[in-house]
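Data first, discussion second: the structure below is written as structure tokens.
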Amino acid sequence: MTIQMMIALAITVVMIVLVMIERIPFGAAPLFACLLLVIFGITDIKGAFAGFSNSTIIMLAEFMAIIAALEKTNFIVFFKKAMFSMANKGGFKSYILIILVVMLGCSLFGTGSTAYYVLTLGLLSTLPYSEKLPPSKVIITAGFATNHPLIPFNTALQYGIVIAVLNSAGIMTEVSVFKFAIVNLFLSMGFLVNCIIQYKFLPDHPTSEECKDVDVVNTNENASQLPRWKELTTYGVFIFAVIGMLLQSKIGDAGYAMAGLSVAVILLIGVLDFKEIRNAISAPIILMSAGVIGVADALGSTGLTNLVGTSVAGMLGDNVNPFVMILVFCILTSLLATLTGSTIGTVYVFTPLAIATCRSLGLDPTAAACAIVMAGWCGHFLPIDGMPAMILGTGKYTAAQFWKFTIPQYFIRLIFVTVGATLMFPM
């Protein structure tokens with residue numbers, strides 16, 4: 001391991017510790033880490049703060065403003081009443097119902113959709129406190145549910161990567177889309193199992209000052225004060241922005257620009273003034289998400305991922321149990337993807353190594369390729385990515401509360417996806 005690798009890794013650890021102990025304002029720790037990277041010569045200013053020009057961060061900021069506008073419409077009033085009703089009923093059934101509804105929405109938006117998790121967490125942040133179903137039990141579970149489709153038919157990106165890594169290794173085996181979707185379903189069921197197990201152990205506290213001591217039964221939200229035409233226009237630009245995100249893979253950066261145009265319309269018609277938009281797009285979650293990108297890029301550029309992958313492949317040797325081998329590579333892939341922020345890049349490093357190990361054992365590598373590719377999106381036990389960081393901040397969880405849910409979730413999901421892959425694609 002080189003000096004640069006050790007310094008970059010140490011700075012990343014310091015950043016994670018600062019985020020979790022909450023001794024400095026939320027969002028400040030990554031900026032501090034970026035400055036340290038520059039001081040120690042790991043990267044330059046442009047590289048350290050590249051996250052602030054990252055297209056995903058720009059889109060995240062745009063959607064923060066759009067959600068602020070939606071909160072002035074009758075849609076949010078209807079949503080609050082529906083959520084308040086379930087909170088009033090409370091109990092395990094309402095808890096599971098909310099999670100399933102969010103997972104169903106993920107089926108449409110696709111795994112890892114930034115627009116979807118920002119919208120979902122923004123709406124859930126309006127929940128009042130109720131002893132029957134505290135919002136702190138809902139935000140962390142429903143937040144992560146935005147990454148787990150209940151009906152996994154929208155898996156084109158991950159499926160395409162599986163085919164690409166297999167073909168690059170000279171393996172032209174036809175991979176069943178249906179079986180790959182079933183492996184995704186195993187992953188979602190692993191997540192749901194963790195939610196069921198942890199229901200009674202999740203924290204019980206309000207998630208905002210406004211939600212303290214609210215009488216859910218007597219909650220009576222006023223209707224939107226916006227003129228009807230402004231409200232309809234807000235719905236229209238929101239739909240326009242979502243369409244842009246769904247088409248981003250086909251139209252490129254124009255998809256992000258569509259969300260920006262939506263914000264411009266909101267400003268021009270007076271749904272939000274400039275100060276409100278400025279506050280929305282510079283929220284602490286934006287600073288947090290943008291800052292970690294520079295840290296992740298610097299850590300990945302040192303070559304740490306390649307070093308770890310090659311070393312582990314050598315240590316496993318030719319006598320390892322296939323299930324254990326896949327699980328180990330899944331853990332390493334998700335861990336390094338979380339730390340470096342480069343999910344696809346990490347997948348392209350570890351999957352060929354696993355394929356080579358399978359071939360040396362005389363095994364079909366399809367199961368390994370499917371499980372490892374999906375594992376790339378299964379980190380989230382550290383709040384150094386957009387979604388887990390937003391969950392941590394929105395739900396006002398302590399480090400202990402956050403890890404109590406995310407660490408078991410991490411291992412349960414990887415075990416489920418490994419089981420699913422080996423069942424659907426026997427080795």
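In what follows, residues are counted from 1 in the order of the sequence shown. Heavy atoms only: backbone and side chains are in, while hydrogens, waters and symmetry mates are out. The structure displayed is predicted, hence computed values, not measured ones.
Using modelled atom types, one side-chain atom of Y410 and one backbone atom of I331 make a donor-acceptor pair closer than 3.5 Å. Between the side chain of S136 and the main chain of H205, a donor-acceptor pair closer than 3.5 Å is present. A donor-acceptor pair under 3.5 Å is absent between the side-chain atoms of R278 and the main chain of D273, judged by distance alone.
Side-chain contact between I163 and F180: absent, with no pair of heavy atoms (C-beta onward) separated by less than 4.5 Å. Using a 4.5 Å heavy-atom cutoff, the side chains of T366 and C370 are in contact. With a 4.5 Å cut-off on side-chain heavy atoms, V265 and F240 do not count as touching.
Closest heavy-atom contact between F238 and I66: CD1-CG2, 3.8 Å. Of all heavy-atom pairs between A241 and S262, the closest is CB-OG, 3.6 Å. Residues G244 and I251 share a closest heavy-atom pair of O-CD1, 4.4 Å.
Only one option out of I412, L100, I197 pairs with L192 in a side-chain contact (heavy atoms from CB on, under 4.5 Å); it is L100.
Ring planes of Y95 and Y199: tilted class, angle from 30 to 60°. Ring planes of F402 and F144: tilted class, angle from 30 to 60°.
Heavy atoms of other residues, nucleotides or ligands lying less than 6.0 angstrom from CZ of F201 number 12 at most.
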**OP:** Begin from the C-alpha positions of I391 and T406 and carry the test side chain to side chain contact (heavy atoms under 4.5 Å, CB included) through to its verdict.
**Re:** CA-CA 11 Å; I391 290 171; T406 58; over 6 Å; no
Subject >> Verdict with reasoning, L185 to F416, per side chain to side chain contact (heavy atoms under 4.5 Å, CB included) >> reply: CA-CA 9 Å; L185 182 60; F416 267 72; over 6 Å; no
**OP:** With side chain to side chain contact (heavy atoms under 4.5 Å, CB included) as the test, would you mind laying out the steps for L187 and V183 before giving the verdict?
**Re:** CA-CA 7 Å; L187 177 62; V183 179; over 6 Å; no
